Amino acid sequence: MALPEGLDPPRGKWVAVGHFLLLCLSALAQPGGPAVPCPALCQCFGNLTVFCSDEGLEDIPEGVPASATQLFFVGAPLFSLQSGAFANRTGSRRLAKLAFLGSPLESLGRAAFEGLPELRELEISSSQLSALSGEAFLGLANLSTLAVKFSPIKSLETELFSNTPRLEALHLQGNEVGSLPQDVFRPLSSLKTLTLSQNHLAELLAEVFGPLSALRVLKLSDNRLAGLSAGLFGPLGELRELFLDGNALAELPPGTFAPLSALTRLHLQHNALERLPAAVFSAQRNLTFLYLDGNRLAELPDGLFQGTPHLAELSLAGNRLQSIPEGLFGNLGSLAFLGLSHNRLAHLPAGVFQGLSALARLQLSHNNLTALLRGVFANLTTLEALDLSHNQLATLSEGVFEGNVILANVALKGNPWTCDCHLAPLKDWLQDTDPLINARALCRSPAHLQGLSLPAVQKEQLVCRRGPAPSRCRAEPGVEETSAEPSARPPCTYQDPAGAIHLACDRDACRQLSLSLPPGESLQEAGQSFSKGWILDSGCGAVKVQVAVSIEPLPGGEAVAAPSEAP
Ligand SMILES: *[C@@H]1O[C@H](CO)[C@@H](O)[C@H](O)[C@H]1NC(C)=O
Ligand SMILES: *[C@@H]1O[C@H](CO)[C@@H](O)[C@H](O)[C@H]1NC(C)=O
Ligand SMILES: *[C@@H]1O[C@H](CO)[C@@H](O)[C@H](O)[C@H]1NC(C)=O
Ligand SMILES: *[C@@H]1O[C@H](CO)[C@@H](O)[C@H](O)[C@H]1NC(C)=O
Ligand SMILES: *[C@@H]1O[C@H](CO)[C@@H](O)[C@H](O)[C@H]1NC(C)=O
Ligand SMILES: *[C@@H]1O[C@H](CO)[C@@H](O)[C@H](O)[C@H]1NC(C)=O
């Protein structure tokens, strides 16, 4: 969060959001209605909402309508709120929500908000407050939401919340808080949501969350936590969501999350985790979302997900995984998303995805996979999208997607594809998927197809040349003739030096022709044609080939390329 002065984006953003809201509300205002008295330098919307954003507004205005329930200051140049700033203002007694967005407040007087018996929600965002005192909140015994965000607050005093015991939501994100006093949350036994993200917290005292027995959501994202003390989460048996992402956690003691039996969402991404204890998630039976991406995990222990059968989303992307234990996901029959991109996987065991009977999206991009076993996706009958891009795959075994009956998208780009007969079965299937996804799936070989997009290659071009040619027919120069059985002879391949045309012949006939049109000769419409003659060389001798290609309309309407040859 070290930003040059004057360039702090969150603050600027809040002001902008406020103005935007103001514009929206302006659009809703009804100028035709009865005139509502409104304070100078403010705008009133109906008789309920008052917006004050004028640059001339330097104090809390007089004359807020008696019926107003919401009062917003957006970017108003208020530098301090005096003691009792609202106490004797007519019209403020019904306020339920009060917000200061982007005002340069530097201090709050004692009981600054006294005299607002209905106030439930108080927000101060993007201010210049560097400290908060509990005295400022005197008289707010009914407050349920307090937000003091994106301000340079460095510390919280122990008694800060003693006057606001009914808080249910406390948002303190984007400040500069470095530590939490032991008893600071003691009065907050009703608190359900606590946000401490984007502060400077480096460690947390074991007992600090002790009083928060009703807490449902705890956000500690983007702090500097390097470890979690044992017992830290002890009293949080009601916690549903825990955000610890963006910290510096290198290790999790085995019992860290043991008390959190109601947890459904756990964010641990972007930490420095190198290993996980096998039982670390064993108490989270209701866990649904688990994010472990962007850590340094090189391996995962067997049984890691044994206790979390209801996971729906699991991300392990951006780690250092070289392999995955077979059966690791065997228990995850509800998992719909599995992210394994940006790891170092070179090999997947055949049964690695066994048990994932609800999987819809599987991401394996940016790994080091060179081959996929035929059955590796076999039982994934619910798979819809598979990302295999940026691996080292040259080919796919036939039938590798056979069991994936609703698979619609497979990303293949960034692999060194060998565009030969092994990919031919895939071709029909590729025809039915989104062509844009694989426009950049390019052939690395054979030479004459190199650089072509796989969807653009004709199925007829995906041919294999069988085995090494008998010596007499080798295209490679300098190979001695041997006396191989004539009947066993594989075909002889003729090709031109540029590799644009191949002709595969055996003893009886020439059986395969593949041709890539020279650049600028792509044929698209019926009636177009191309014709050229070549002298093709091979170890068997030379052959003259004349090829004419023309596009002819099919009876059904679609045009097809119709090659004809005359050797
Ligand atoms: C607020 O305005 C509505 C109509 O615009 C009116 O019916 C209602 O009585 C007003 N309330 C007060 C407290 O003025
Ligand atoms: C509010 O008004 C009362 C009596 O009208 C007065 O005693 C008190 O000092 C005033 N408070 C403030 C903060 O102005
Ligand atoms: C809290 O609310 C109750 C009832 O809504 C009200 O009687 C009481 O005065 C309020 N307390 C404060 C400190 O505003
Ligand atoms: C898990 O979820 C179920 C269904 O929502 C709920 O009945 C159960 O109490 C939850 N378990 C815990 C420990 O919260
Ligand atoms: C990928 O595999 C190759 C050889 O199989 C190896 O040399 C290379 O280091 C691997 N890359 C990564 C990122 O693991
Ligand atoms: C697919 O599921 C069947 C029955 O559930 C099982 O026998 C088979 O081993 C599984 N195959 C693979 C490759 O996971």
Side-chain angles (χ1 to χ4, degrees), residues 144-145 165-171 185-197 204 206-221 225 227-245 247 249 251-269 271 273 276-293 300-316 327-339 353-361 382:
S144 76
T145 298
R166 306 227 166 93
L167 281 185
E168 293 187 1
L170 175 58
H171 302 292
F185 301 126
R186 189 171 27 81
L188 302 183
S189 57
S190 307
L191 199 68
K192 292 199 166 66
T193 302
L194 174 58
T195 310
L196 286 160
S197 303
L204 296 168
E207 310 289 315
V208 71
F209 300 128
L212 303 177
S213 56
L215 203 65
R216 297 286 192 116
V217 178
L218 176 56
K219 296 188 180 181
L220 290 160
S221 309
L225 298 171
L228 301 171
S229 36
L232 179 65
F233 302 124
L236 305 183
E238 291 296 316
L239 201 69
R240 301 295 193 271
E241 302 185 7
L242 177 57
F243 293 72
L244 286 163
D245 50 296
N247 280 285
L249 299 173
E251 257 186 301
L252 298 173
T256 308
F257 306 123
L260 307 181
S261 57
L263 209 61
T264 60
R265 184 178 270 278
L266 179 54
H267 290 250
L268 285 163
Q269 70 270 29
N271 275 287
L273 296 170
L276 294 170
V280 69
F281 308 126
S282 60
Q284 280 67 55
R285 226 192 132 63
N286 281 358
L287 198 64
T288 312
F289 302 97
L290 176 57
Y291 302 98
L292 286 160
D293 40 305
L300 298 171
D302 278 325
L304 183 62
F305 306 116
Q306 207 57 48
T308 56
H310 299 300
L311 273 185
E313 281 194 19
L314 172 60
S315 180
L316 289 158
L328 183 71
F329 308 123
N331 195 31
L332 303 182
S334 301
L335 199 71
F337 170 81
L338 177 57
F353 302 125
Q354 222 163 338
L356 295 174
S357 53
L359 196 67
R361 290 184 296 143
T382 52

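Remember, it's a predicted structure, so these values are computed and weren't measured experimentally. Start at 1 and go down the list; that is how both ligands and their atoms are numbered. Residue indices begin at 1 and follow the sequence shown.
For the residue pair D302 and A278, the shortest heavy atom distance occurs at O-CB, 3.9 Å.
Panel note: side chain R265, backbone L263; no donor-acceptor pair is recorded below 3.5 Å. Using modelled atom types, one side-chain atom of S229 and one backbone atom of L204 make a donor-acceptor pair closer than 3.5 Å.
Nearest to atom 13 (C) of ligand 4 among the protein's heavy atoms is S261 O, 3.2 Å.
For ligand 4, the atoms closer than 4.0 angstrom to any heavy atom of A262 are 14 (O).
Screening L215, L212, L167 for a side-chain contact (heavy atoms from CB on, under 4.5 Å) with F185, the sole residue that qualifies is L212.
Closest heavy-atom approach to atom 12 (C) of ligand 4 among the candidates N286, L239, L263: N286.
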The test is side-chain hydrogen bond (donor to acceptor under 3.5 Å, both in side chains); show your working for N286 and T264 and say whether it passes. CA-CA 5 Å; N286 281 358; T264 60; over 6 Å; no
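The presence of a protein heavy atom under 4.0 Å from atom 9 (O) of ligand 4 is ruled out. For atom 2 (O) of ligand 4, the nearest protein heavy atom lies under 4.0 Å away.
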